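Below you'll find the structure, written out as structure tokens, and then a few comments.
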Amino acid sequence: MMRLYNTLSRTEEPFTPGPGNTVRMYTCGLTVYARGHIGNFRSFICTDILRRTLRHLMEFDVRHVMNFTDVDDRTIVGAQRSGQDLRAYTTQYVDAFLDDARALGLEPVEAMPRATDPENLQAMADLITVLDAKGHTYRSDGSIYFKINTMPDYGKLARLDHEGMKAGARVDADNYAKDDARDFVLWKATKPDEPSWTVVDPPGRPGWHLECSAMALRLLGEPPIDIHTGGVDLVFPHHENEIAQSECATGKPFVRFWFHVEHLNVDEQKMSKSLGNTYTIPDVIAKGFRPSAVRYLLLSAHYRKPLNFTWSSLAQAEEAMRRLTDFLARLATVTAEGAHPEVGSRVAQAQQEFGDAMRSDLNTAGALGALFELVRWLNAAIDSGRVGRADVDAIHEAFGGFDRVLGVLSLRRAEDDQPPIPVEEIDRLIEERHAARRRRDFAEADRIRQDLAARGVLLEDSSSGTRWKRK
RNA sequence: GGCGCCGUCGCCAAGUGGUAAGGCAGAGGUCUGCAAAACCUCCACCCCCGGUUCAAAUCCGGGCGGCGCCUCCA
């Protein structure tokens with residue numbers, strides 16, 4: 001049994017899918033007005049870990065939808081400024097997202113709808129029609145609003161009370177058009193030079209919250225869906241309003257589990273574009289780090305805790321990964337035949353600990369702890385000759401299982417498979433160095449190693465030969 | 001003002017009632033042509049003050065400090 005924290009109840013609850021063995025989940029994806037930064041990707045990576053745990057550890061089927069918000073104030077302004085059509089403008093950021101997602105090892109999801117896809121706009125129009133019929137809407141200045149006071153339990157997710165909002169002294173700047181400051185727009189009136197769609201009367205463009213409800217209900221079927229994910233900043237108003245629209249339209253609970261990922265901070269402050277403290281994957285690569293290290297760092301802390309990003313912690317992640325990959329590479333040096341029962345039982349113990357940690361509300365740090373303890377034990381066993389080829393097969397299988405959940409070792413391996421120097425040249429230089437060492441010309445041997453190191457390839461000698469790795 | 005998250009070794013980070021996982025960095029050793037890698041040893045009374053308990057980092061109360069949301073935001 002897996003336990004998962006549910007924002008709706010503010011407690012950890014046992015998780016099982018709804019009817020059948022299929023988990024239906026929805027993730028609020030990126031607004032494609034700019035390249036996503038690693039703060040955005042923290043939430044996507046944590047969601048990916050959730051997805052992988054459900055699939056590969058719990059062995060559920062998963063139907064996972066992650067959307068792109070490709071129409072809002074920022075995308076419209078961006079498109080206008082660049083003189084591009086909205087679709088063309090947003091597509092470049094969709095593509096950039098897909099590149100970054102691949103670099104970070106995100107599993108492809110079952111559907112990635114865009115808000116402006118015709119079938120999604122139609123779904124939004126249908127939702128408005130139902131909400132109209134049930135008396136949850138009103139029109140004002142060409143926009144269509146959702147009327148909060150038609151929903152008795154509005155606010156159950158964020159648990160904000162009206163009094164608190166009033167005392168906050170910060171009120172919506174354009175609430176003059178609304179009956180109640182808390183009412184939100186379903187369908188926005190557009191200015192003459194803005195993109196507009198006619199599926200709804202009056203023509204206009206989608207409100208942000210409406211998109212997600214429409215796409216989730218269209219692509220995931222009968223509510224309630226099992227899990228809905230996003231960053232903590234989406235709890236209010238976005239997710240609260242999704243609940244309002246969806247539940248008032250369908251008359252059923254919208255979502256069973258709300259999964260929210262805490263922020264990635266920089267200098268103890270939220271990483272966000274408005275603060276100008278963001279880093280993208282290309283930024284990280286330009287600094288000499290690898291996407292796998294970013295993935296490792298972002299998954300190494302619990303998803304419900306704030307994580308402060310520093311270049312130093314990224315470097316630490318890089319080193320931690322190196323320990324794991326060095327160990328896996330070392331397995332190739334084991335040549336003895338046979339199997340050792342105590343290796344098998346130690347591996348099984350680690351698998352148990354790993355699974356227990358992940359099932360406990362995705363305790364990735366605890367799971368990594370189990371992994372490193374196993375690595376130390378196995379390294380010692382190899383040192384003393386207590387590991388055979390048959391054990392190595394079992395070890396590889398176990399690590400394959402760990403990595404189907406973490407998705408970081410294979411990512412690292414894929415990066416390592418693309419060394420800065422052609423493999424044939426590395427092999428040739430290693431051979432030359434061997435020759436030099438055989439004639440005890442250590443000056444030449446060291447020169448070759450230093451030359452390779454300067455070009456990003458490190459050599460390690462051992463009794464079973466020399467192996468290379470990327471710096 | 002309301003709703004939340006958080007404060008554990010130099011750094012990162014688990015643990016949420018029985019006396020502190022793991023990673024990085026550091027010190028000493030083993031191994032080694034050198035260098036790595038690996039292994040061994042060492043390295044924390046858990047923000048403060050009360051309380052509950054045989055027993056608290058872990059529960060309760062009160063502080064102090066950091067952050068987020070309440071307005072577009074992963």
Side-chain angles (χ1 to χ4, degrees), chain A residues 7 10 27-31 33 36-47 69 72-74 155 158-175 182 208 229-238 240 260-265 268-275 296-297 300-302 304-308 310 312-324 326-327 329-330 333 353 357 360 363-373 375-376 378-384 437 440 442-443 445-446 449-450 453 458-463 466-467 469:
Chain A
T7 307
R10 304 281 154 88
T27 294
C28 286
L30 198 64
T31 299
Y33 73 104
H37 54 72
I38 59 176
N40 296 318
F41 280 106
R42 180 184 188 193
S43 76
F44 300 134
I45 286 170
C46 290
T47 297
T69 295
D72 79 323
D73 292 347
R74 294 165 298 172
R159 302 186 182 185
L160 294 178
D161 63 89
H162 204 171
E163 305 310 311
M165 291 185 71
K166 276 183 175 166
R170 290 196 282 183
V171 280
D172 196 324
D174 54 29
N175 67 6
R182 298 174 305 161
W208 177 35
T229 83
V232 281
D233 49 357
L234 298 187
V235 173
F236 190 88
H238 188 230
E240 192 68 61
H260 289 108
V261 179
E262 257 295 345
H263 287 305
L264 183 66
N265 295 153
E268 312 296 343
Q269 276 196 306
K270 175 179 169 179
M271 179 178 286
S272 76
K273 297 214 173 74
S274 52
L275 290 169
Y296 182 94
L297 175 63
S300 65
H302 189 83
R304 283 193 291 114
K305 271 195 170 186
L307 173 60
N308 195 46
T310 63
S312 157
S313 58
L314 187 56
Q316 290 175 23
E318 194 83 61
E319 291 309 311
M321 286 238 62
R322 190 179 292 281
R323 178 164 166 80
L324 294 176
D326 278 350
F327 165 74
R330 189 185 184 199
T333 68
E353 291 166 353
S360 174
N363 183 355
T364 44
L368 286 171
L371 216 63
F372 280 105
E373 285 179 320
V375 165
R376 178 162 23 84
L378 288 172
N379 267 322
I382 294 172
D383 281 349
S384 56
R437 292 178 75 203
R440 303 192 69 75
F442 295 121
D446 289 349
R449 174 167 37 219
Q450 281 154 19
L458 302 178
L459 299 185
E460 283 178 19
D461 299 323
S462 74
S463 55
T466 298
R467 78 171 191 244
K469 64 184 181 188

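Values in this document were obtained by computation on a predicted structure and should not be read as measured data. So that the names make sense, note that chain A is the first sequence line, chain B the second, and so on, each numbered from 1.
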Contact pattern, 5' to 3', of nucleotides 34-44 of chain B - B, S or - by protein heavy atom under 4.0 Å: BBBSSSS----
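No donor-acceptor contact under 3.5 Å links the side chain of Glu268(A) to the base of G66(B).
Nucleic acid contact for Ser384(A): none, since no nucleic acid atom lies under 4.0 Å from a heavy atom of the residue. In this structure, Gly29(A) reaches the sugar-phosphate backbone alone: every heavy-atom distance under 4.0 Å involves primed, P, OP1 or OP2 atoms, never a base. At the heavy-atom level, Gly39(A) lies under 4.0 Å from base atoms of the strands shown.
His37(A) contributes a side-chain N or O that, together with a main-chain N or O of Gly39(A), makes up a donor-acceptor pair within less than 3.5 Å. In this structure, Glu353(A) contributes its side chain and Ala370(A) its backbone to no donor-acceptor pair below 3.5 Å. Side-chain N or O atoms of His302(A) include none that pairs as donor or acceptor with a backbone N or O of Lys305(A) at under 3.5 Å. Looking at Ser360(A), its side chain never comes within 3.5 Å of a backbone N or O of Asn363(A) through a donor-acceptor pair. Counting only distance, with no hydrogens or angles, the side chain of Arg42(A) and the backbone of Val261(A) share no donor-acceptor pair below 3.5 Å.
Only the C1' atoms considered, C40(B) is 27 Å distant from C45(B), to the nearest whole Å. Annotation: C31(B) and A14(B) have their P atoms spaced 39 Å apart (nearest Å). When the C1' atom is used for both A13(B) and C6(B), the distance is 13 Å, rounded to whole Å. For the P atoms, the distance linking G18(B) with G23(B) amounts to 23 Å, nearest Å. Comparing the P positions of G65(B) and A57(B) gives a spacing of 24 Å, expressed to the nearest Å. On the P atoms, U30(B) is 40 Å away from U16(B), given to the nearest whole Å. As rounded to the nearest Å, G22(B) and G1(B) have P atoms that lie 43 Å from one another. Separation of the C1' atoms belonging to U58(B) and A20(B) is 11 Å when rounded to the nearest angstrom.
Under the 4.0 Å criterion applied to side-chain N and carboxylate O atoms, Arg467(A) and Asp461(A) are not assigned as salt-bridge partners. Electrostatic pairing of Asp446(A) and Arg437(A) does not count as a salt bridge here, judged by no charged N lying under 4.0 Å from a carboxylate O.
To the nearest angstrom, C1' of C9(B) lies 13 Å from CD of Gln316(A). Taking atom CD1 of residue Ile382(A) and atom P of nucleotide U30(B), one finds them 23 Å apart after rounding to whole Å. The distance between atom CZ of Arg304(A) and atom C1' of G68(B), rounded to the nearest whole Å, is 15 Å. In this structure, the NE2 atom of His302(A) is 8 Å from the P atom of C6(B), given to the nearest Å. At whole-Å resolution of the value, CG in Asp233(A) and P in C69(B) are 7 Å apart. Between the NE2 atom of His263(A) and the C1' atom of C6(B) there is a distance of 13 Å, rounded to whole Å. Between the CG atom of Leu307(A) and the C1' atom of G7(B) there is a distance of 15 Å, rounded to whole Å. Between the C1' atom of C3(B) and the CZ atom of Arg159(A) lies a distance of 10 Å, rounded to the nearest Å.
In this structure, U16(B) forms no base pair with any nucleotide, since neither Watson-Crick nor G-U wobble geometry is met with both distances under 3.5 Å. Using the Watson-Crick or G-U wobble rule with both distances under 3.5 Å, C67(B) pairs with G4(B). The partner of C43(B) is absent, by the rule that a Watson-Crick or G-U pair needs both atom distances under 3.5 Å. G50(B) is paired with C60(B) under the criterion used here, namely a Watson-Crick or G-U wobble arrangement in which both key atom distances are under 3.5 Å. Of all nucleotides present, only U30(B) satisfies the Watson-Crick or G-U wobble test against A38(B), with each distance under 3.5 Å.
Residues passing the side chain to side chain donor-acceptor pair (under 3.5 Å) test with Glu319(A): none are found, sequence neighbours excluded. Checked against side chain to side chain donor-acceptor pair (under 3.5 Å), Thr27(A) has the following partners two or more places apart in sequence or in another chain: His64(A), Thr229(A).
Thr364(A) has no side-chain polar atom (N or O) that falls below the 4.0 Å cut-off from OP1 or OP2 of A14(B). One finds a side-chain N or O of Lys270(A) lying less than 4.0 angstrom from the OP1 or OP2 phosphate oxygen of C69(B). For C67(B), neither phosphate oxygen OP1 nor OP2 lies less than 4.0 angstrom from any side-chain nitrogen or oxygen of Lys305(A).
The aromatic ring of Phe372(A) does not stack onto the base of G22(B), failing the criterion of a centre distance under 5.5 Å from the six-membered base ring together with planes under 30° apart.
The Phe236(A) side chain lies nearest to C70(B) when the options are G23(B), A74(B), C70(B). The side chain of Arg10(A) has C3(B) as its nearest neighbour among A74(B), C3(B), A14(B). Comparing C12(B), A21(B), G68(B) by their nearest atom to the side chain of Ala365(A) picks out A21(B). When each of C67(B), C5(B), A74(B) is scored by its nearest atom to the side-chain atoms of Pro306(A), the top-ranked nucleotide is C5(B). The nucleotide whose nearest atom lies closest to any side-chain atom of Asn265(A) is, among A74(B), C3(B), C67(B), C67(B).
The two atoms that bring Phe41(A) and Gly36(A) nearest to each other are CE1-O, 3.8 Å, heavy atoms only.
Nearest-nucleotide positions on RNA chain B for Phe41(A) and Gly366(A) put Gly366(A) closer to the 5' end.
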